[in-house]
Asks: 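Attaching a single structure in structure tokens format; questions to follow.
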Amino acid sequence: MSAVDLNSDLGEGFGRWTLGDDEQMLAIVSSANVACGFHAGDPVSIRRTVRSAVAQGVSLGAHVGFPDLAGFGRRNMDVPDDELEADVAYQIGALRGLADAEGGVVTYVKPHGALYNMAAVDMRVARAVAAAIADVDRRLVLLGLPGSMALAAAADAGLATATEAFADRAYTPEGRLVSRREPGAVLHDADDVARRMLRLVTEGVVTAVDGSDVAVRADSVCVHGDSPGAVAMARRIREVFDAEGIELTAFAPAGSGSAA
């Protein structure tokens, strides 16, 4: 693979509280998963992130989640299908409005936290997310975990999909993410993470927690913007990619037939 996307979860501050360094991260990544106000983000901070992303040519994605500001969207919720569909559609619409105001285009959707994890294994949740995206704009791409029900449901709904790997997360031998409740689930060593992602891109594998190699197909690599040292980690990954001639290319660039 000579090209890959690098994405990060951004716009996750709220009011007077900031989380991560969006400005520095946007100078590194090629795609920005922007919070839509349910798990994090407020209109001013979201618009600020969108404005910076547009100025730097970074693709915009709607980072939709459960209505859970207190839990940062990382707590499972039992939301009825019609409500979940409306919630997801609402969040996409909110980001599209701010993107329009800044001359930007939302080209993809990536669920956040608990919604991401539930949609990966629960077809009911996956179908609700896919239905919401399709109702808003069938040109939107769904970014998700390889082999997940989320991607299967999106494909069934006629949506384009893209796969991602997580630079700063540990993997099980089955190719799933290690639960954040488990020790060692979140990785912090920038050099080690960069080496892992280089193997992912060049060999299609990552080392699982038991030391085995697990195959992972990824169109994009994610660095969580709220992780400690996230900017240094993303910068190191990009340095290694640049040194190896691996081009950073957005998987859903504006103007490629995606949502306008």
Side-chain angles (χ1 to χ4, degrees), residues 7-12 14 19 31-43 45-46 49-50 60-100 106-164 166 169 176-177 179-181 220 222 224-226 252 258-259:
N7 77 76
S8 188
D9 304 341
L10 303 174
E12 293 182 321
F14 190 81
L19 185 65
S31 295
N33 320 313
V34 184
C36 300
F38 271 36
H39 77 275
D42 62 80
S45 64
I46 293 170
T49 298
V50 168
L60 294 170
H63 202 30
V64 299
F66 285 129
D68 180 26
L69 284 173
F72 196 60
R74 288 182 174 155
R75 299 182 293 192
N76 288 1
M77 300 181 71
D78 185 9
V79 180
D81 293 358
D82 60 343
E83 185 177 336
L84 181 55
E85 289 182 30
D87 284 351
V88 171
Y90 181 94
Q91 291 175 81
I92 296 170
L95 185 63
R96 281 164 61 113
L98 292 172
D100 286 346
V106 177
T107 58
Y108 69 96
V109 176
K110 174 184 171 180
H112 165 83
L115 181 57
Y116 185 100
N117 293 332
M118 290 179 69
V121 298
D122 186 329
M123 186 54 80
R124 182 191 69 82
V125 175
R127 285 175 175 153
V129 171
I133 297 170
D135 285 346
V136 173
D137 193 329
R138 289 184 177 275
R139 294 169 295 174
L140 290 165
V141 180
L142 178 67
L143 180 62
L145 204 63
S148 65
M149 291 185 180
L151 296 191
D156 288 344
L159 300 171
T161 63
T163 58
E164 71 173 337
F166 289 85
R169 293 292 302 277
R176 298 294 182 185
L177 299 179
S179 170
R180 286 180 178 271
R181 298 184 181 89
S220 184
C222 176
H224 287 97
D226 66 308
S258 48

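Every value quoted in this text rests on a predicted model; they were computed, and no experiment measured them.
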Asks: Hey, does Leu115 have a side-chain heavy atom less than 4.5 Å from the side chain of Val129?
Replies: yes
Asks: Partners of Asp42 by side chain to side chain donor-acceptor pair (under 3.5 Å), sequence neighbours excluded?
Replies: Ser45
Asks: Does Leu151 form a side chain to side chain contact (heavy atoms under 4.5 Å, CB included) with Thr163? I'd like the steps, not just the answer.
Replies: CA-CA 8 Å; Leu151 296 191; Thr163 58; 3.6 Å; yes
Asks: Would you name the heavy atoms of Gly147 and Arg176 that are closest together and state the gap between them?
Replies: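 Shortest heavy-atom contact: O-NH2, 3.8 Å.
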Asks: For the pair Leu19 and Glu12, evaluate side chain to side chain contact (heavy atoms under 4.5 Å, CB included) and give the outcome as yes or no after the intermediate values.
Replies: CA-CA 6 Å; Leu19 185 65; Glu12 293 182 321; 4.0 Å; yes
Asks: Scan for ring-ring contact (aromatic ring centres under 6.0 Å, His included) pairs involving residues 133-163, sequence neighbours excluded, and state none if there are none.
Replies: none
Asks: Determine all donor-acceptor pairs shorter than 3.5 Å in which one atom belongs to a side chain in residues 80-89; sequence neighbours excluded.
Replies:
residue: Asp81; atom: OD1; partner: Arg124; partner atom: NH1; Å: 2.3

Asks: Could you please spell out the steps behind the side chain to side chain contact (heavy atoms under 4.5 Å, CB included) verdict for Val136 and Arg96?
Replies: CA-CA 10 Å; Val136 173; Arg96 281 164 61 113; 4.2 Å; yes
Asks: Measure the spacing between NE2 of His63 and CD1 of Ile92 and express it to the nearest 0.5 Å.
Replies: 13.0 Å
Asks: Kindly compute the distance separating CZ (Arg138) from CG (Asp135), expressed to the nearest 0.5 Å.
Replies: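 Between Arg138 CZ and Asp135 CG, I get 7.5 Å after rounding to 0.5 Å.
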Asks: Please confirm whether the backbone N or O of Gly65 pairs with a side-chain atom of Gln91, one donor and one acceptor, at under 3.5 Å?
Replies: yes
Asks: Do you know the tightest heavy-atom contact between Ile46 and Gly11?
Replies: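 For Ile46 and Gly11, the tightest heavy-atom pair comes out as CG1-O, 4.2 Å.
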Asks: Report the distance from atom CG of Asn117 to atom CG of Leu145, rounding to the nearest 0.5 Å.
Replies: 8.5 Å
Asks: Enter the distance from His39:NE2 to His112:NE2 here, rounded to the nearest 0.5 Å.
Replies: 4.0 Å
Asks: Of all heavy-atom pairs between Cys222 and Asp9, which one has the smallest distance, and what is that distance?
Replies: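 Reported closest heavy-atom pair: SG-OD1, 4.2 Å.
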Asks: Not counting sequence neighbours, which residues clear ring pair (Phe, Tyr, Trp, His ring centres under 6.0 Å) with Phe166? List them please.
Replies: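 Per chain and number, Phe166 pairs via ring pair (Phe, Tyr, Trp, His ring centres under 6.0 Å) with Tyr116, His224.
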Asks: Between Leu10 and Ala32, which heavy-atom pair has the shortest distance, and what is it?
Replies: CD1-CB, 3.9 Å
Asks: Which residues satisfy the side chain to side chain donor-acceptor pair (under 3.5 Å) test with Ser8, sequence neighbours excluded?
Replies: none
Asks: Kindly write out the residues that satisfy side-chain contact (heavy atoms from CB on, under 4.5 Å) with Ser220, not counting sequence neighbours, or none if the list is empty.
Replies: Asp5, Asn7, Leu143, Glu164, Phe251
Asks: Tell me every residue that passes side chain to side chain donor-acceptor pair (under 3.5 Å) with Thr161, counting only those two or more places apart in sequence or in another chain.
Replies: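 Expected list: none.
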Asks: Taking all non-hydrogen atoms of both residues, which atom of Thr107 and which atom of Ala252 are closest, and how far apart?
Replies: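 Smallest interatomic distance, heavy atoms only, reads OG1-O, 2.6 Å.
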Asks: Show every salt bridge (charged side-chain N to carboxylate O under 4.0 Å, His left out) that has at least one partner inside residues 144-154, sequence neighbours left out.
Replies: none
Asks: So how far is it from Leu95 CG to Thr49 OG1, rounded to the nearest 0.5 Å?
Replies: 10.0 Å
Asks: Without swapping roles, check the side chain of Arg127 against the backbone of Ala154 for a donor-acceptor pair under 3.5 Å.
Replies: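 Not at all, since once roles are kept as given, no pair shorter than 3.5 Å links the two residues.
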Asks: Under 3.5 Å, side-chain donor or acceptor atoms of residues 66-74 against the rest of the protein: list the pairs with distances, not counting sequence neighbours.
Replies:
residue: Asp68; atom: OD1; partner: Gly71; partner atom: N; Å: 3.0
residue: Asp68; atom: OD1; partner: Arg75; partner atom: NE; Å: 3.2
residue: Asp68; atom: OD1; partner: Arg75; partner atom: NH2; Å: 2.5
residue: Asp68; atom: OD2; partner: Gly73; partner atom: N; Å: 3.4
residue: Asp68; atom: OD2; partner: Arg75; partner atom: NE; Å: 3.2
residue: Arg74; atom: NH2; partner: Asp226; partner atom: OD2; Å: 3.2

Asks: On a heavy-atom basis, which atom in Ala119 and which in Ala126 lie closest, and how many Å separate them?
Replies: O-CB, 3.4 Å
Asks: Please list, chain by chain and in numerical order, all residues satisfying side-chain contact (heavy atoms from CB on, under 4.5 Å) with Ala99, sequence neighbours excluded.
Replies: Val50, Leu60, Val106
